Number of protein chains: 2
Amino acid sequence: MDRKSATIQDVARVAGVSTATVSRTLSKPSVVARTTRDAVLKAVADTGYRVNATASNLRRQRTGSVIVLLPNLANTFFAQILAGLASVLTPAGYGMLIADTQSGPDPDERLTHYLASGQADGLVVLDGTLSPAALSMPGRPPVVCACEWMGDAVPSVRVENERGAALAVGHLARLGHRHIGHVTGPGGNVLTRTRLEGYRAALDRLGLPMRADWVLEGDFTMDSGAAAARVWLAMEDRPTALFLSSDEMAVGFMGEVQRAGIRVPEDVSVVGFDNIEIARHLSPGLTTIRQPRTDIGARAAELLLGLIETGASSAPSEVIEVEFIRRSSAGPPPKGR
Amino acid sequence: MDRKSATIQDVARVAGVSTATVSRTLSKPSVVARTTRDAVLKAVADTGYRVNATASNLRRQRTGSVIVLLPNLANTFFAQILAGLASVLTPAGYGMLIADTQSGPDPDERLTHYLASGQADGLVVLDGTLSPAALSMPGRPPVVCACEWMGDAVPSVRVENERGAALAVGHLARLGHRHIGHVTGPGGNVLTRTRLEGYRAALDRLGLPMRADWVLEGDFTMDSGAAAARVWLAMEDRPTALFLSSDEMAVGFMGEVQRAGIRVPEDVSVVGFDNIEIARHLSPGLTTIRQPRTDIGARAAELLLGLIETGASSAPSEVIEVEFIRRSSAGPPPKGR
DNA sequence: ATTCTTCTTGTAAACGTTTGCAGTCTTTGC
DNA sequence: GCAAAGACTGCAAACGTTTACAAGAAGAAT
């Protein structure tokens, strides 16, 4: 193998054919004759030729990569979705460019920037707080949302958020709880709204009261879970169980109340959402709603590749099933409640 | 703005200059006259021109991206390093391609593949189990290791692992522990070796016994921490304190012993390594050694960019400070020990 | 006035592919 | 035996930049 890697010209020379034939052998082998095909493949092997992706992309007017826009890379949740995305994109020959929407000043502007920059053949948006308005640009590359979503303009892959919330509340009710609180995600987030709605609807169906002061505002982070715990601790009339809109918040909540001497689930029951890896390693194990994050990523990638190949700009969204995971953080309410 | 984005030709025409001048205005403005420069910049603004990275890369014989090889994307630890890498690479105009070494069959082969593929201007390796032999290829792009390292052939960014271990053991000893165990990382890993060595040396300096059966084998995961806990629970003569080579293992360990009714730190003291986000949210808060992961990523990226720009193939490695974080998972040993 | 710098700009040749078009050579149908 | 169809292959023109080289203009030095 040479210092400089072989080009298609080298292969053509060695095989005694034109570069066109080499290119065709590699991209659509069916159109080239058996014997020449073999000769070319041998020459490819001999020279150690690898197609230069940059040149190929330039000629084919594509970039060979997709951009993933996410709010925060340093978050388990997104990392696993990334893994799912990568599992599809890499084999398909697409690179995955990561962009953190939080690091810059104006997230919306960054979205517009990436759409216009022509740096990518498609975008995956994991940050539902971005404004759909930015997407009105003509001739923009296809976009897919994963987990969160932005109206109906953009195809998305999401889970059954309402049903997840209903499962959580139903489990608590079945254990005997009649005072069930909720800790939400950040305001304005679709997940926040949908899960809150699921919680509300489930209480309604079960004939249980929903008290406004039992709905605490969080933002999906552990810190906000801990903050909610402090609010809960200070309450006069505490709910005996809480459904938290994310496992991270549940972790923060449990840690904080436990450090205050409260026992879970004897004194308070907790149900989370996500089933992050740590959930089963806590003490007690965290009862939660599983979202298959790797699958979500993989499906989103497939959806996007479909859009890219067909040139279509819209596609049906997908909803993936959630699963109730029973562990030990939720139990019967304390006596007398 | 047109449907098809403007090319350098369009800008040249609008500004009434040649494409060469446009290119120069954008890359080294100093060589073009003030007045023409302004005209070009105005034309750029008017046409909404953005340079086509693919064409630019082809001409400049580079790819504009670096590949990050990591063992497991779905891991908090790496995600945060990625964030650090991205914070430097993105502003510098480099894309970041993620490759999971575990997903394929032979990790070493994948390293070789990426080195030879010419898909990237440089590589960041986060998986120290790869073999340095793969790097002997001539004319390969520069490589930098982060966290882990591979002999002296490859420049790396790492933390003071031995000192970290010594801090952990020192703290436990100061609390009065004389029976200090250790849970290691996976065999063959440099971090495993170095931290084990730090643990051993610290015990030695303190005149404390080191018993082979108190050194348990783990692999940095929560599961392996839980497994170590089961081994510890079954011991006749248990150490009163453990230093675990990663926080994830400490989480797994604490959860498992707590579920068995053991209290931390009253019955057993625990110190981890990494200071992952959850450490302060556990109950009790996890005492640990902080590694600044975002910094590690950022430094590694800078090191790599340096190598790429200068064309050098080696550079001095960097060692970043660790910090002892005292929380509540380590306390005095039980009476009588 | 002539030659030499110093600045600034344009010309045109790459970079390594892919692909429409046209040409050659077989094969087939009549 | 000839025309038509089919199967392969090569030619050459893109794709959108960057940059070595040359050339022109304007001032400086002789």
Side-chain angles (χ1 to χ4, degrees), chain A residues 2-41 43-44 47-65 93 116-121 139 309, chain B residues 2-41 43-44 47-65 93 95 116-121 309:
Chain A
D2 282 283
R3 188 154 199 87
K4 304 258 51 161
S5 59
T7 77
I8 202 173
Q9 315 263 8
D10 300 328
V11 179
R13 187 161 5 86
V14 171
V17 299
S18 73
T19 62
T21 301
V22 177
S23 176
R24 279 189 285 252
T25 306
L26 267 23
S27 54
K28 24 182 166 137
S30 62
V31 307
V32 10
R34 178 60 157 273
T35 55
T36 37
R37 200 195 313 167
D38 292 343
V40 169
L41 290 178
V44 167
T47 53
Y49 169 73
R50 318 195 66 109
V51 22
N52 178 321
T54 309
S56 172
N57 287 336
L58 173 59
R59 171 59 222 233
R60 291 162 60 197
Q61 296 284 77
R62 43 163 258 164
T63 68
S65 50
S117 71
Q119 303 252 28
D121 300 329
E309 321 265 273
Chain B
D2 281 284
R3 187 153 198 87
K4 304 256 52 160
S5 60
T7 77
I8 202 173
Q9 315 264 8
D10 300 328
V11 179
R13 187 161 6 87
V14 170
V17 298
S18 75
T19 63
T21 301
V22 176
S23 177
R24 278 188 288 252
T25 307
L26 266 23
S27 53
K28 24 182 168 143
S30 63
V31 306
V32 11
R34 175 61 156 274
T35 55
T36 38
R37 199 194 314 165
D38 291 344
V40 169
L41 291 178
V44 167
T47 54
Y49 170 73
R50 318 195 67 109
V51 19
N52 179 321
T54 309
S56 172
N57 288 335
L58 173 60
R59 172 59 225 235
R60 292 161 60 197
Q61 295 284 79
R62 45 163 256 167
T63 68
S65 50
S117 70
Q119 304 252 28
D121 299 328
E309 320 265 274

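Values in this document were obtained by computation on a predicted structure and should not be read as measured data. Here is the naming used below: chain letters follow the sequence lines, and residue numbers restart at 1 for every chain. All values below were derived from every heavy atom in this structure, side-chain atoms included, with hydrogens, water molecules and symmetry-related copies excluded.
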Next on the checklist: Minimum heavy-atom separation for Ala53(B) and Gln119(A), please, with both atom names.
Outcome noted: CB-OE1, 4.0 Å
Checklist outcome for this item: Separation of dC15(C) atom P from Asn52(B) atom CG, nearest Å, is 18 Å
Next on the checklist: Main chain of Ala43(A), side chain of Thr47(A): is a donor-acceptor contact present, judged purely on distance under 3.5 Å?
Outcome noted: yes
Checklist entry - With a non-hydrogen cut-off below 4.0 angstrom, is Arg50(B) in contact with a base, only sugar-phosphate, or nothing? => result sugar-phosphate
Checklist entry - Which whole-number value in Å describes the distance from Arg13(A) CZ to dT9(D) P? => result 20 Å
Checklist entry - Can you find an N or O donor on one side and an acceptor on the other, under 3.5 Å apart, linking the side chain of Arg59(A) with the base of dT18(C)? => result yes
Checklist entry - Any idea which heavy atoms bring Tyr49(A) and Leu26(A) closest together, and the distance? => result CE2-CD2, 3.6 Å
Checklist outcome for this item: To the nearest angstrom, the CG-P distance between Asn57(B) and dT17(C) comes to 15 Å
Checklist entry - Quick one: is dG10(C) close enough that its OP1 or OP2 comes under 4.0 Å of any side-chain N or O from Thr21(B)? => result yes
Checklist entry - dT18(C) phosphate, OP1 or OP2: any side-chain N/O from Ser56(A) under 4.0 angstrom? => result yes
Next on the checklist: Please classify the nucleic acid contact of Ala33(B) as base, sugar-phosphate, or nothing, using heavy-atom distances under 4.0 Å.
Outcome noted: sugar-phosphate
Next on the checklist: What is the separation between atom CG on Asp38(A) and atom P on dC8(D), rounded to the nearest whole Å?
Outcome noted: 13 Å
Checklist entry - Val17(B) has a side chain; which of dG10(C), dC11(D), dT18(C) sits nearest to it? => result dG10(C)
Checklist entry - Looking at the side chain of Arg60(A), which of dT19(C), dG10(D), dG16(C) is the nearest nucleotide? => result dT19(C)
Checklist entry - Over how many whole Å does the gap from Arg37(B) atom CZ to dT8(C) atom P extend? => result 9 Å
Next on the checklist: On DNA chain C, does the nearest nucleotide to Val32(B) precede the nearest nucleotide to Ala55(B) from the 5' side, or the other way round? Give the residue.
Outcome noted: Val32(B)
Checklist entry - Does the side chain of Thr63(A) pick up a donor-acceptor pair with the side chain of Asn57(A) at under 3.5 Å? => result no
Checklist entry - What does Ser23(B) touch in the nucleic acid at a heavy-atom separation under 4.0 angstrom: a base, only the sugar-phosphate, or nothing? => result base
Next on the checklist: Which nucleotide wins on minimum distance to the side chain of Tyr49(B), given the candidates dT11(C), dT17(D), dG16(C)?
Outcome noted: dT17(D)
Item to check | Leu26(B) CG - dT19(D) P separation (whole Å) | outcome: 13 Å
Checklist entry - Roughly how many Å is it from CD in Gln9(A) to P in dT17(C), rounded to a whole number? => result 8 Å
Next on the checklist: Please confirm whether the shortest side-chain N or O distance from Gln61(A) to OP1 or OP2 of dG16(D) is below 4.0 Å.
Outcome noted: yes
Next on the checklist: Main chain of Asn52(A), side chain of Ser56(A): is a donor-acceptor contact present, judged purely on distance under 3.5 Å?
Outcome noted: no
Checklist entry - Given that Ser27(B) and Thr54(B) both sit by DNA chain D, which one's nearest nucleotide is further toward the 5' end? => result Thr54(B)
Checklist entry - What is the nucleic acid contact for Thr36(A), judged by heavy atoms within less than 4.0 Å: base, sugar-phosphate only, or nothing? => result sugar-phosphate
Checklist outcome for this item: In whole angstroms, the gap separating C1' of dT9(D) from CZ of Arg24(A) amounts to 6 Å
Checklist outcome for this item: Of Ala20(A) and Val31(A), the one whose nearest nucleotide on DNA chain D sits closer to the 5' end is Val31(A)
Item to check | Any donor-acceptor pair under 3.5 Å from Ser23(B) side chain to Thr19(B) backbone | outcome: no
